[in-house]
Amino acid sequence: MVSSSCLPVAHTYMLFISALMSYFCGIIEFLIGWCYFLDDSRWEEERYTDGVKWKFLEHKGPVFAPPYEPLPSNVKFYYDGKPMKLSPEAEEVATFFSKMLDHEYTTKDIFRKNFFKDWRKEMTSEEKAKITDLKKCNFTEMSEYFKGLSEARKAMTKEQKLKIKEENERLLQEYGFCIMDNHRERIANFRIEPPGLFRGRGDHPKMGMLKRRIRPQDIIINCSKNSKHPEPPPGTKWKEVRHDNKVTWLVSWTENIQGSIKYIMLNPSSRIKGEKDWQKYETARRLKKCVDRIRAQYREDWKSKEMRVRQRAVAIYFIDKLALRAGNEKEEGETADTVGCCSLRVEHIKLYPENEGQEYVVEFDFLGKDSIRYYNKVPVEKRVFKNLQLFMENKEPDDDLFDRLNTSVLNKHLQELMDGLSAKVFRTYNASITLQQQLKEALENTAASKILSYNRANRAVAILCNHQRAPPKTFEKSMQNLQAKIDAKRDQLANAKRDLKAAKADAKGLRDDKSKKTVETKRKAVQRIEEQLMKLEVQATDREENKQIALGTSKLNYLDPRISVAWCKKWGIPIEKIYNKTQREKFAWAIDMAEKDFEF
DNA sequence: GAGACGACTTAGCATAATCATA
DNA sequence: TATGATTATGCTAAGTCGTCTC
């Protein structure tokens, strides 16, 4: 819990008011709730014990995907060059494919094979008998039709767009919020995922499979007994209505691709998510206090007589030093072949006793989460190197590097070293401590360069955590545009400087007030242009350095927001320069409680 | 201890909304 | 005011990790 000194004045004041009015027993509960609504200091509310997440939960249930609208009769599907009217079920699935025609997915064999197999399941027996080859299917007319619709949407009048916006807002107000205990909370994803073709990442064996439509009878509702239960659409029933207050979800269903459960949960701005987020960073701060001991321990364990201990110790070293993920085992053939630390295979690393002037270099090359490539060459301690050589001895490339280790064993060990410690805490800790250190080291002075140095620090973390993105499609062009702007600004500056020089010469000869004033004006103009130029140059550097790096993920999930808030307060940088609206909402708890002297 | 499962966090991409500029 | 660029938001896949069962 936060110390009472952190409580905002407004909150204290409201509590005082409510204390004064406490004899109005009937309204006291309402008042407290009202106070929390107003001052947003709900992070300081008492927490439940025994895994209870809430006492009261009421919501309106999910919003279902709109029903399928059959194609107009002039839009045709062709098989083997001839138009063919499809049954509504088969047609719907065909539209999913046609909407993706421009995407690389539809050129991939696995995607096409999976799609065709599932599509055929939706066909009538006549259709099934006729449509036997995907290559003979022509979806272009359908594809053009949907492109047309999307163009039409873009070309809508202001009034039409406004109408849609209003309808969305109405839906949001009705379904986008719930009441959890005393608060009206925003729901994250109140719309059920529409049917479509599964888009797995990387070489996913199930890409292209049909993601089926979710119906009310697939839905489990979770709410409190004494709440007004959400109504299923007329003529339908929920699969189940349950009242489990040990979980935070409001709605769940089982998806058909992997058979996993999907949930509707609250928005990151909610009390329940904010508190959890805060807790996560507090655990990472506890790791800071004992990380030296843990590091000494795993270094000691590199020498252990037991192979499993040595493997564990080297794995923790990687997780700590390189911010690798834990690496759970995955079911073969069910998902893309990706790995993390514990699931690394021999083929994923190469050992160099010497490389480019460095000793004991390990080269990592593997696909991690979301099939993002991790490539890194790092020098390691001799003992680690020798251990790795040993772990790889007499193994095939596709054998596990750490054959005596899995995430369960690893996390059990970490839990023993520190309460609440698991592999992912190292990522949070190393990310946050890196940001804090880098911000301390940055010496820039102006607001613009301060923000650049913040972005640099953010970038260092993104690189550590290997958060990559595809370079934006418009990157080259936008870079050229920016360069053109910089060139123009340079010319402008040269002109302004020449003007200033001339004005100075005039003033020297004339020695009157008017020409002195002119010099001053010209001087200011030069100054202004210099500042503008610097700003542009900073922007160009920032953009270039960010080409393939995604900053958002670390900002949102790994960097203790209190570090950023404190930094903003210390240097008088508006928080809006660092966090946009959504981020400010998510980090409201940190903005509320962090002072300029906050230390991670 | 293995394996399945459930609940939750973390992730990149697509699209919508907003902003800047001609 | 239209258009293109940029940023914010939405979407949902893919991880982590604890618990339960055998």
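The figures here come from the full heavy-atom set of this structure, side chains too, leaving out hydrogens, waters and symmetry mates. Proteins get letters first, then strands, A, B, ... in listed order; numbering begins at 1 in each.
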- Within less than 4.0 Å of OP1 or OP2 of C:dA13, is there a side-chain N or O belonging to A:His204? no
- Length of the line joining A:Leu556:CG and C:dT12:P, which is rounded to integer Å: 18 Å
- Tell me: CG of A:Leu405 to C1' of B:dG1, nearest whole Å? 14 Å
- Query: Base, sugar-phosphate alone, or nothing: which one does A:Gly340 contact when heavy atoms must sit under 4.0 Å apart?
  - Reply: nothing
- Message: For a quick check under 3.5 Å, do A:Thr338 and A:Lys330 share a side-chain donor-acceptor pair by atom type?
- Response: yes
- Query: To the nearest angstrom, how far is A:Tyr263 atom OH from C:dA14 atom C1'?
  - Reply: 14 Å
- Query: Is it the case that more than 12 heavy atoms not belonging to A:Glu69 sit under 6.0 Å from its CD atom?
  - Reply: no
- Task: Look at A:Asn411 and C:dC17 and indicate whether a side-chain polar atom (N or O) is within less than 4.0 Å of OP1 or OP2.
- Result: yes
- Task: Would you indicate, yes or no, if C:dT16 has its OP1 or OP2 atom less than 4.0 angstrom from a side-chain nitrogen or oxygen of A:Ser422?
- Result: no
- Task: Starting from the 5' end of DNA chain B, give me the residue, A:Arg242 or A:Arg153, whose nearest nucleotide shows up first.
- Result: A:Arg242
- Report yes if at least one side-chain N or O of A:Arg199 is closer than 4.0 Å to OP1 or OP2 of C:dC11; otherwise report no. no
- Query: Between A:Ile192 and A:Gly420, which is nearer to the 5' end of DNA chain C once each is assigned its nearest nucleotide?
  - Reply: A:Ile192
- Message: Between A:Asn466 and A:Gln468, do the side chains contain a donor N or O and an acceptor N or O under 3.5 Å apart?
- Response: yes
- Message: What contact category does A:Ile372 fall into here, base, sugar-phosphate, or nothing, at under 4.0 angstrom with non-hydrogen atoms?
- Response: sugar-phosphate
- Under 4.0 angstrom, heavy atoms only, what part of the nucleic acid is A:Asn328 near: base, sugar-phosphate, or nothing? base
- Query: Does A:Ser260 make a side-chain N or O approach to OP1 or OP2 of B:dC5 shorter than 4.0 Å?
  - Reply: no
- Task: Nearest-nucleotide wise, let me know which of A:His103 and A:Tyr558 is further upstream toward the 5' end of DNA chain B.
- Result: A:Tyr558
- Query: Do we see a donor-acceptor contact under 3.5 Å between the side chains of A:Gln311 and A:Asp403?
  - Reply: yes
- Query: Which part of the nucleic acid, if any, lies within contact of A:Gly552, taking any heavy atom under 4.0 Å across all strands shown: a base, the sugar-phosphate backbone alone, or nothing?
  - Reply: nothing
- Should A:Lys280 be listed as having a side-chain N or O under 4.0 Å from OP1 or OP2 of B:dT9? no
- Message: Using OP1 and OP2 only, check whether a side-chain N or O of A:Lys276 sits under 4.0 Å from B:dA7.
- Response: no
- Item | Any side-chain donor near an acceptor of the partner, A:Ser224 and A:Glu58, under 3.5 Å | no
- Query: Under 3.5 Å, is there a donor-acceptor pair linking the side chains of A:Tyr558 and A:Asn430?
  - Reply: no
- Task: Verify the contact: side-chain N or O of A:Thr553 to OP1 or OP2 of B:dG12, cut-off strictly under 4.0 Å; return yes or no.
- Result: yes
- Message: Does B:dC8 have its OP1 or OP2 closer than 4.0 Å to a side-chain nitrogen or oxygen of A:Thr248?
- Response: yes
- Message: By the 4.0 Å heavy-atom rule, please label A:Ala470 as base, sugar-phosphate, or nothing.
- Response: sugar-phosphate
- In whole angstroms, how far is the C1' atom of C:dG10 from the NZ atom of A:Lys586? 15 Å
- Task: Let me know the distance between NZ of A:Lys161 and C1' of B:dT18, rounded to the nearest Å.
- Result: 12 Å
- Query: So which nucleotide from C:dC17, B:dG12, C:dG10 ends up closest to the side chain of A:Arg186?
  - Reply: C:dG10
- Message: Rounded to whole Å, please give me the gap between CG in A:Asn189 and P in C:dC11.
- Response: 8 Å
- Message: Side chain of A:Ala423 only, heavy atoms from C-beta on: which candidate in B:dT18, C:dC17, B:dA11 is closest?
- Response: C:dC17
- Query: Hey, are A:Glu282 and A:Arg286 close enough for a salt bridge, meaning a charged N less than 4.0 Å from a carboxylate O?
  - Reply: no
- Message: Between A:Asn406 and B:dA2, is there a contact of a side-chain N or O with OP1 or OP2 at under 4.0 Å?
- Response: yes
- Message: Distance check needed: B:dT9 P versus A:Met265 CE, whole Å only.
- Response: 7 Å
- Under-4.0 Å side-chain N/O to phosphate OP1/OP2 contact, A:Lys53 with B:dA7: no
- Message: Nearest to the side chain of A:Arg201, heavy atoms from C-beta on, is which of B:dA7, C:dT12, C:dT16?
- Response: C:dT12
- Within the pair A:Arg427 and B:dA11, is there a side-chain N or O less than 4.0 Å away from OP1 or OP2? yes
- Message: Any side-chain N or O of A:His467 below 4.0 angstrom from OP1/OP2 of B:dT10?
- Response: no
- Return no unless some side-chain N or O of A:Lys273 is found under 4.0 Å from OP1 or OP2 of B:dT9. yes
- Message: Using a heavy-atom cut-off of 4.0 Å across all strands, would you classify A:Gln583 as base, sugar-phosphate, or nothing?
- Response: nothing
- Task: Would you state whether a donor and an acceptor, one from the side chain of A:Lys369 and one from the base of B:dT10, lie under 3.5 Å apart?
- Result: yes
- Query: Contact class for A:Ser252 vs. all strands (heavy atom < 4.0 Å): base, sugar-phosphate, or nothing?
  - Reply: nothing
- Note on the structure: Per atom distances to the A:Lys211 side chain, the nearest of C:dA14, C:dT12, B:dC13 is C:dT12
- Task: Could you tell me the separation between the NZ atom of A:Lys206 and the C1' atom of C:dA14, rounded to a whole number of Å?
- Result: 14 Å
- Going by distance alone, is a donor N or O of one side chain under 3.5 Å from an acceptor N or O of the other, for A:Tyr281 and A:Arg562? no
